[in-house]
Every structure is written in C-alpha cells, then in structure tokens.
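Just so you know, ligand 1 is whichever comes first in the structure, and atom 1 is the first atom listed for that ligand.
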Amino acid sequence: MARRPTKELLIAAEGEPIRYADGRLSVPDFPIIPFVEGDGVGPDIWRAARRVMDKAVDKSYGTDRHICWTQVYAGEQSLAFFNEWIPQETFDAIRRFRVAIKGPLTTPVGGGFRSANVTLRQVLDLYACVRPVCWVPGVPCPVRQPEKLDVVVFRENTEDVYAGIEFASGSPEADKLAAFLRSELGQTIREGSAIGIKPISRYATQRLMRMAVEYALERRRHSITLMHKGNIMKYTEGAFKEWGYELAAAEYPALTVTEHQVLEEHGGQMPPGRILIKDRIADAMFQQVLLRPEEYSVIVTPNLNGDYISDALAAQVGGIGIAPGANIGDGIALFEATHGSAPKYAGQDKVNPSSLILSGRMMLEYMGWKEAADLILKGLKSAIAQKIVTYDLERQMEGATLVKCSEFAQAVVDCM
Ligand code: NAP
C-alpha cells in the first residue's frame with residue numbers, strides 16, 4: 001500500500017517550491033515537482049520520460065540543478081489506494097508546488113464518472129490547454145510538406161459545452177428549462193429534447209488571449225488566429241472573436257496589428273515587429289491548416305473547437321501519439337501526455353513515450369531551463385532520425401529498428 005502523500009511528507013522532500021509573484025515564476029535550482037504516473041501505460045512512459053528529463057538536466061547543469069520529484073496520486077492508482085479518484089492532497093500539492101506533470105488517466109465508461117483530467121483542469125483553474133504542433137523529421141505522416149506546419153494551439157479549458165451543464169432528454173431539469181425557453185423567451189424546442197449550455201465569457205476569453213499574446217511576443221511568433229464559429233453562434237463564438245480583438249487592441253496596441261489595419265493603415269505591408277491578429281471561421285480553418293499551414297502560428301479558440309483542431313493538427317504531422325501538451329493557469333501548470341492510458345499495452349514496456357517526454361521538455365522550457373529543454377528535443381529528433389523507434393512508428397517506417405519504451409528513452413539519452 002502506498003503512503004498517502006501528506007503535506008508533511010511533501011515538505012520533507014528535499015528541495016524548494018517554485019514561487020510565483022507579480023506574474024513571474026521564480027524557480028529554485030532544486031525545485032520540488034509533483035508527478036502522477038498515470039494509469040495503463042502511465043508507469044512505463046513515466047519511467048522513460050523521467051529518465052530523459054533527469055539526464056537532460058544533469059547534462060546541462062551538472063550538480064547545480066536537479067529536480068526533486070515527489071509522487072502524488074490520481075486515477076485508478078488513487079482509487080485503489082485511497083478510494084478517491086483525486087485526493088485533496090493532489091490538488092494541494094499541485095497548487096503549492098505550481099508545476100507538475102502527469103501520465104494519462106483512465107476515465108471509466110458509463111454514468112457518474114467525471115473525467116479526472118477535466119476535473120484537474122477545472123478545479124485548479126488551468127484555463128489554457130496549450131498544444132504545440134510541429135513535425136519531427138522522420139515521423140511518417142499523411143501530408144507532403146509536414147515541415148510547413150509549426151503552430152501552437154491555445155484552447156480555452158473552462159467554458160463552452162465542456163462546462164458540464166447538460167440535462168438528459170426527459171429529465172425534469174431539461175423539461176423545466178425547455179418550458180422556460182418556450183414561455184419566457186419564445187424559443188422553439190422539441191418535446192423531450194436533451195439540453196446543453198454553452199457559456200463563453202469575456203473574462204475567460206480575454207485571459208486566454210492575454211496568455212497567447214504574451215507567448216507570441218516572447219517566442220516571436222508572427223500571428224495569432226482567433227478560430228471561431230461566430231457566423232452561426234454569434235453571441236458565444238462571435239463574442240469570443242470580438243473579445244479577442246478587443247484585448248489585443250486595448251493591452252497591446254503598439255505590438256499587434258489586425259489584417260484590417262494592415263490594409264487600411266499600412267498600405268498592405270505588415271509593420272515590422274508586430275504580431276498579426278486575424279480570425280478564421282472554424283470549418284475554413286481545417287482547410288487552411290492543410291492548404292496554407294505556414295500562414296498560421298498561434299491559434300486561440302474555445303474549448304470544443306480546440307479539442308478538434310489540436311488532434312487534427314497532430315495527425316497532420318503524424319504526431320498523434322507523440323504530441324505534447326500542458327494545462328496552464330496563472331502561475332500554475334500541469335504538463336501531460338496527450339494520448340490516453342492505452343490499457344491493453346499496460347506494463348509491456350512497449351508504447352511510445354515521446355508525448356510525455358516532449359511534455360517534459362515543455363515543462364523545462366516553462367521553468368526557464370532552456371538548455372535542458374533543447375537537449376531533449378535534440379536527443380529525440382536524433383533517435384527518430386536514426387530510425388530507432390517504438391512499434392507505432394516502426395510499423396510505418398522502412399528499415400527502422402524496433403525498440404521498447406525504455407530502450408527508446410535510452411536512445412534519446414544517448415543522442416543528447
Ligand atoms: P488511447 O489510450 O490513447 O489509445 C488508443 C490507441 O492509440 C492505442 O490502442 C494505440 O493504438 C495508440 N496509442 C495511444 N498511446 C500510445 C503511445 N504512447 N504509443 C503508441 N501508441 C499509442 O485512447 P483510448 O483507448 O480511447 O482511451 C483509453 C483511456 O484513456 C480511456 O479511459 C480514456 O478516457 C483515457 N484518456 C485519457 C487521456 C488523458 O489522460 N489525457 C486522454 C485521452 C484518453 P494501436 O493499438 O493502434 O497501436
């Protein structure tokens with residue numbers, strides 16, 4: 001039986017917490033970082049990713065820096081040990097230590113279970129799901145010029161139809177709501193309809209947009225595209241677009257420019273040093289990223305659109321099994337493998353650990369440990385370029401060497 005990670009235990013771990021003040025993280029040389037191994041293949045990919053991260057830090061900083069890992073629990077492991085999907089201590093530890101990383105968590109199929117992933121995002125107010133997507137040379141993929149795609153998706157994580165406000169067909173709540181909509185607001189709703197609510201607020205939209213603009217400025221990204229379905233859902237997705245533009249104009253007037261301004265005020269020439277703010281309707285966006293991928297750099301979008309476009313983009317560069325991701329709030333971030341727990345491969349040391357390895361790279365970058373982050377990418381790219389890969393890539397590549405999950409991690413370390 002595992003020991004429940006009490007506050008005392010966590011504090012007893014050597015190292016110091018990461019701190020956050022005046023909008024900035026302050027990362028000590030020996031930060032305490034909580035991790036959740038995850039369900040199914042989680043322990044396999046966690047061991048592999050941890051090895052790669054530790055080696056990258058070690059090679060970059062020697063004895064000057066080191067991550068003090070501390071285990072926390074969620075998902076099936078937590079249910080078995082503590083009879084809870086996510087113990088309060090896990091929320092407390094992530095809040096207190098500010099940066100954490102997790103493997104995939106199983107969501108049981110059937111009624112009554114809220115996804116542990118969604119719960120973590122909502123309870124910790126991790127309002128941006130950030131998914132960078134670019135091609136790793138050598139990875140088999142369905143498009144001819146995958147190298148043209150290099151985008152980062154900022155998906156709103158707390159609102160939209162994912163807010164969980166849904167009422168089943170025939171339920172008293174759905175019938176009551178339908179009656180209200182008919183009698184008070186003159187709407188037509190079919191008898192027995194199920195009803196879901198789509199809240200979108202200026203507050204949530206603008207804090208997401210602010211994070212995206214800051215990111216784009218820091219990384220010198222050329223544009224931000226607001227992806228929405230505002231032609232149909234005018235007061236939710238349409239407002240999302242308007243509030244996005246409003247934020248950029250109000251808070252970054254000298255650093256951003258809209259397509260309209262480029263035409264009207266700059267003679268069609270992009271003024272140097274500014275970020276282009278544009279918007280595209282969601283369905284057109286799916287075509288655009290295939291046909292003119294180089295025109296997109298940062299995409300800011302509501303929750304549901306973001307869910308769809310993130311996976312479509314990852315698939316475009318063959319990276320659905322290796323795409324990294326993070327859920328980020330103000331001074332708090334949870335990095336995660338973006339695939340699921342693939343239970344049929346649990347404990348086989350078989351699957352590809354790249355998603356969690358690259359999420360670990362994002363985490364190091366977020367902490368400002370750029371040298372270690374760069375080393376991880378170098379190692380991973382080089383291992384794949386040498387065609388040393390796990391089964392998922394090996395079956396699509398000619399002349400590749402098939403390795404286990406742990407052996408792939410070793411290859412990445414050897415290539416750093
Ligand atoms: P999944 O676990 O992602 O697995 C689906 C298939 O994707 C696998 O059978 C495998 O395909 C491939 N795959 C996934 N991860 C891989 C890896 N690391 N390396 C190589 N191939 C990989 O999706 P699922 O079966 O739909 O979901 C299983 C559970 O995970 C569910 O309970 C779901 O709710 C949960 N889930 C969690 C998260 C999260 O924690 N963020 C995300 C999604 C789903 P092949 O068999 O064809 O090789």
Please tabulate, line by line, the atom pairs linking an N/O of ligand 1 to a protein N/O at a distance below 3.5 Å, with the distance in Å to 0.1, or answer 'none'.
| unit_1 | atom_1 | unit_2 | atom_2 | d |
| --- | --- | --- | --- | --- |
| ligand 1 | 2 (O) | Gly340 | O | 3.4 |
| ligand 1 | 2 (O) | Ser341 | N | 3.1 |
| ligand 1 | 2 (O) | Ala342 | N | 2.7 |
| ligand 1 | 3 (O) | Gly340 | N | 2.7 |
| ligand 1 | 15 (N) | His339 | ND1 | 3.3 |
| ligand 1 | 18 (N) | His339 | NE2 | 3.1 |
| ligand 1 | 18 (N) | Asn352 | O | 2.8 |
| ligand 1 | 19 (N) | Asn352 | N | 3.0 |
| ligand 1 | 21 (N) | Tyr391 | OH | 3.1 |
| ligand 1 | 30 (O) | Ser341 | N | 3.0 |
| ligand 1 | 30 (O) | Ser341 | OG | 3.3 |
| ligand 1 | 32 (O) | Thr107 | N | 2.8 |
| ligand 1 | 32 (O) | Thr107 | O | 3.3 |
| ligand 1 | 34 (O) | Thr107 | OG1 | 3.4 |
| ligand 1 | 40 (O) | Leu105 | N | 2.9 |
| ligand 1 | 40 (O) | Asn117 | OD1 | 3.2 |
| ligand 1 | 40 (O) | Asn117 | ND2 | 3.0 |
| ligand 1 | 46 (O) | Lys344 | NZ | 3.1 |
| ligand 1 | 46 (O) | Tyr345 | OH | 2.7 |
| ligand 1 | 47 (O) | Arg395 | NH2 | 3.4 |
| ligand 1 | 48 (O) | Tyr345 | OH | 3.3 |
| ligand 1 | 48 (O) | Tyr391 | OH | 2.6 |
| ligand 1 | 48 (O) | Arg395 | NH1 | 3.3 |
| ligand 1 | 48 (O) | Arg395 | NH2 | 3.1 |

Kindly write out the residues that satisfy side-chain hydrogen bond (donor to acceptor under 3.5 Å, both in side chains) with [X], not counting sequence neighbours, or none if the list is empty.
X	result
Ser341	Thr106
Lys229	Asp283
Ser382	Gln386

Mind checking the CZ-OG1 spacing from Arg121 to Thr158? Nearest 0.5 Å is all I need.
11.5 Å

Verify whether one side chain among Asp307 and Tyr162 offers a donor that lies under 3.5 Å from an acceptor in the other.
yes

Let me know which of Gln77, Arg47, Arg50 forms a side chain to side chain donor-acceptor pair (under 3.5 Å) with Glu37.
Gln77

